[in-house]
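What follows is a set of notes on a single structure, which appears directly below.
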Amino acid sequence: MLDVRLIRSDQESVRTGIARRGEDPAVIDRVADLDTRLRELTAKRDALRAEVRSISNEVGRLFREGNRDEAAGLQAESKALGEEESELDRTAGELSSELRELLLRIPNLPAEECPDGSSEADNVVLRTHGAEPASYGDAQRVPHWDVAEDLGILDVQRAVKLSGSMFVMYRGAGAQLVRALCQLALDRNSDIYEEVRPPTLVRTDTMVATGHLPKFVDEAYQIERDDLWAIPTAEVPLTSLGRDEILDEDSLPRRFCAHTSCFRREAGSAGKDTRGLLRVHEFDKVEILAYCRPGDAPDLHAEILSRAESLIADLGLSYRVLDLCAGDLGASSRRTFDIEVYAPGVDDWLEVSSVSWFGDYQARRANLRYRPDGGKGTDVLHTLNGSALAVPRVWAALVEVNRREDGSVTVPEVLRPYMRGTEVITP
RNA sequence: GGAGGGAUGGCAGAGCGGACGAUUGCGACGGUCUUGAAAACCGUUGGGCCCUCACGGGUCCCGGGGGUUCGAAUCCCCCUCCCUCCGCCA
């Protein structure tokens, strides 16, 4: 959520930011107008309240002194003012919820350094690491769904029987590989990131705090009967972990990592990537996340990115890092780096991590604050996060990259300890 | 699921219609005393919004929402959450 005060004081730069995303900045006018009216109204209401209050005190005093007649006159006066006041209060309430509704749907402003552009095509490739796509051999040019089916480690057909299309089931060594990946990702980060195992069903407020609601209702699985939502990422519970709290400055930054299932309806992508693991409704992911002082955000952004990157590198995958352009940025983000791994079997770069800096956008929604040392009052925190490891696409890339002539798949060195020493997956 | 009891400041815990944003205790912070520390004593110790360059002022907040009243932490209604007991169950 943007700070209304920013809209009030520097409307122009807010409009520019919204426009850079390719969205219509007209909504800013409506917000500014509502805000002005609301402030006029509350000023009037507050003045009336103050008057009612002081008259009421006077009434109390008169009653105690037994001066009933005078008290009765004042009561009438106060009652009239009170009615006027509650009328203003009602209107103010309406305006303020209207204002909040609008604000909740306005995306974050892209950071200045965020590249211009209107779509995916304009994202900037910052660097590429590992083997060239062209260097992969014929043995590696088999899509993971075929590799996996030959080995019996992925059972899409039966998953569909249980849950419908775009659900998958890993079996045998495939299931072990999922577990190995998650454990590896947790272990590599639990040095300074506190490991958390949060709930995966959350209340509406929790989804609102990260920006997943109200704008993206169609993307989320809802359990209507109990008014709960299935999380699309651990970012959701981890961000709300500190909701409505005021942290001491010396406890910052706070770092968390969590392995959870993630649930996405993928509503807008019917018919896209329907085979294999490229797009599924339920998957495992290890997320790392931090709360920090605004000034520390750039360092943490770099830290999270480098942790995500080094893990992919150690798995032996080729990857590239993209600096997302303003038009392709997620709604809550100010700046995002994507990591894409090259999967030779499907001959494509797969997004496996999104490392985002949200500024105070989510923290404002979540009411996540800290108390500056020595200073007065409270400040809003910044939040950042990134996928340490999103299982399905990494799994897919791994089995394609490590496939040998005979159809077996070698297990990367770093994963072997987590797979009871298995070096090769054979049928 | 049934029956009761709760929700107040960092924590503990008063308050039961009028000067209560809230007695008090603990904790924390500052000071006095002390060679230093402890003890003792004194003082400070919430958040949101609005107006103001600032000093300062106004208003809201006693789980959330509505109501009664000139006036609500206090009375009424609804909701949520927590605790205890019973039942069920991994």
Side-chain angles (χ1 to χ4, degrees), chain A residues 1-10 31-104 197-209 223-229 237 240-252 254 261 360 363-381:
Chain A
M1 188 158 66
L2 297 180
D3 187 352
V4 231
R5 281 171 295 197
L6 181 65
I7 295 175
R8 206 179 287 157
S9 64
D10 192 2
V31 168
D33 175 56
L34 273 172
D35 175 54
T36 309
R37 280 160 58 206
L38 181 60
R39 275 184 303 148
E40 281 169 8
L41 218 62
T42 46
K44 269 191 218 161
R45 183 202 59 191
D46 285 0
L48 275 175
R49 268 188 191 166
E51 207 167 332
V52 168
R53 224 158 92 110
S54 95
I55 293 175
S56 295
N57 282 337
E58 185 66 4
V59 169
R61 194 181 59 81
L62 289 171
F63 265 122
R64 252 173 281 124
E65 290 169 0
N67 199 339
R68 292 181 165 273
D69 292 346
E70 207 177 326
L74 282 180
Q75 271 183 6
E77 190 185 334
S78 179
K79 184 166 189 160
L81 288 174
E83 273 158 17
E84 202 180 327
E85 183 269 335
S86 58
E87 180 61 29
L88 287 180
D89 189 49
R90 231 200 57 241
T91 316
E94 281 165 13
L95 287 186
S96 109
S97 53
E98 202 180 324
L99 180 61
R100 187 178 157 79
E101 281 302 304
L102 282 182
L103 281 172
L104 283 177
R197 180 74 214 201
T200 40
L201 297 181
V202 299
R203 295 174 189 276
T204 302
D205 288 348
T206 306
M207 291 285 279
V208 170
I223 295 159
E224 224 164 329
R225 176 174 167 152
D226 296 296
D227 195 21
L228 290 168
W229 303 78
S240 277
L241 191 148
R243 197 164 80 218
D244 296 322
E245 292 187 25
I246 301 172
L247 306 175
D248 289 328
E249 182 172 6
D250 59 22
S251 74
L252 299 171
R254 294 278 276 267
S261 293
D360 61 13
R364 196 176 297 286
R365 287 169 166 250
N367 197 24
L368 253 179
R369 294 169 294 170
Y370 75 101
R371 202 182 301 284
D373 275 339
K376 271 185 280 206
T378 58
D379 279 332
V380 180
L381 287 163

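Order of the sequence lines sets the chain letters (A, B, ...), proteins ahead of strands, with each chain counted from 1. Only a predicted model underlies this, so the values are computations on that prediction, with no experimental measurement involved.
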Distance below 4.0 Å between Arg39(A) side-chain N/O and C51(B) OP1 or OP2: yes

P atoms of A22(B) and G46(B), separation to the nearest Å: 10 Å

Atom pair distance, as rounded to whole Å: CZ in Arg371(A) and P in A28(B): 16 Å

Partner nucleotide, any strand, of U69(B) [Watson-Crick/G-U, under 3.5 Å]: none

4.5 Å side-chain heavy-atom contact, Asp89(A) and Arg49(A): yes

Student check: side-chain heavy atoms of Leu247(A) and Leu381(A) closer than 4.5 Å: yes

Interatomic distance, Asp244(A) CG vs C81(B) P [rounded to whole Å]: 16 Å

Between A72(B) and G18(B) - P atom distance, rounded Å: 12 Å

Side chain to side chain contact (heavy atoms under 4.5 Å, CB included) between Arg100(A) and Met1(A), intermediate numbers included: CA-CA 9 Å; Arg100(A) 187 178 157 79; Met1(A) 188 158 66; 3.9 Å; yes

Smallest separation among heavy atoms of Ala32(A) and Thr36(A), with atom names: O-OG1, 2.8 Å

Atom-pair distance (CZ on Arg364(A); C1' on G47(B)), nearest Å: 15 Å

Asp250(A) CG to A28(B) P, straight-line distance once rounded to whole Å: 15 Å

Rounded distance in Å - CG (Leu38(A)) to P (C51(B)): 11 Å

Distance, rounded to the nearest Å, where Ile246(A) contributes CD1 and G47(B) contributes C1': 6 Å

Euclidean distance for P, A14(B) against G31(B) (whole angstrom): 35 Å

G-U wobble or Watson-Crick pairing nucleotide for A54(B) (cut-off 3.5 Å, both distances): none

Glu87(A) and Arg90(A): CA distance, side-chain angles, deciding distance, side chain to side chain contact (heavy atoms under 4.5 Å, CB included) verdict: CA-CA 5 Å; Glu87(A) 180 61 29; Arg90(A) 231 200 57 241; 3.3 Å; yes

Check nucleotides 59-62 of chain B for protein N or O atoms closer than 3.5 Å to its own N or O atoms and list the pairs.
residue, atom, partner, partner atom, Å
U59(B), O2', Asp46(A), OD1, 3.1

Pair Thr206(A), Arg243(A): side-chain N/O donor-acceptor within cut-off below 3.5 Å: yes

Rounded distance in Å between the C1' positions of G64(B) and G10(B): 23 Å

Glu83(A): side chain to side chain contact (heavy atoms under 4.5 Å, CB included) partners, not counting sequence neighbours: Lys79(A)

Sugar-phosphate, base or nothing in reach of Arg90(A), heavy atoms under 4.0 Å: nothing

Atom P, compared across G17(B) and A54(B): separation rounded to whole Å: 43 Å

Any strand: nucleotide that pairs with C41(B) via Watson-Crick or wobble, under 3.5 Å: G31(B)

Gap in Å between the two C1' atoms, one belonging to G66(B) and one to C29(B), rounded: 41 Å

Test side chain to side chain contact (heavy atoms under 4.5 Å, CB included) applied to Ile7(A) and Asp35(A), step by step: CA-CA 9 Å; Ile7(A) 295 175; Asp35(A) 175 54; over 6 Å; no

For C26(B), the Watson-Crick or wobble counterpart (both distances under 3.5 Å): G10(B)

Length of the line joining Leu247(A):CG and G47(B):P, which is rounded to integer Å: 14 Å

Under 3.5 Å donor-acceptor, Arg365(A) side chain and Val208(A) backbone: yes

Whole-angstrom distance between U32(B) and A38(B), as gauged at atom C1': 15 Å

Distance, rounded to the nearest Å, where Leu88(A) contributes CG and C50(B) contributes P: 18 Å

Opposite nucleotide pairing with C85(B), Watson-Crick or G-U, both atom distances under 3.5 Å: G2(B)

Thr378(A) side chain, from C-beta outward: closest of G47(B), C50(B), U80(B): G47(B)

C16(B) pairs with, by Watson-Crick or G-U criteria that keep both distances under 3.5 Å: none

Closest-nucleotide ordering on RNA chain B, the 5'-leading residue of Glu58(A) and Val4(A): Glu58(A)

Heavy-atom donor-acceptor pair, Asp3(A) side chain to Arg5(A) backbone, under 3.5 Å: yes

Considering all heavy atoms, the nearest Leu103(A)-Leu2(A) contact: CD2-O, 4.2 Å

Pairwise P distance, U68(B) and A3(B) [rounded to whole Å]: 31 Å

Contact pattern, 5' to 3', of nucleotides 66-73 of chain B - B, S or - by protein heavy atom under 4.0 Å: ----BS--

Touch class at under 4.0 angstrom, heavy-atom based, for Arg61(A) against every strand present: nothing

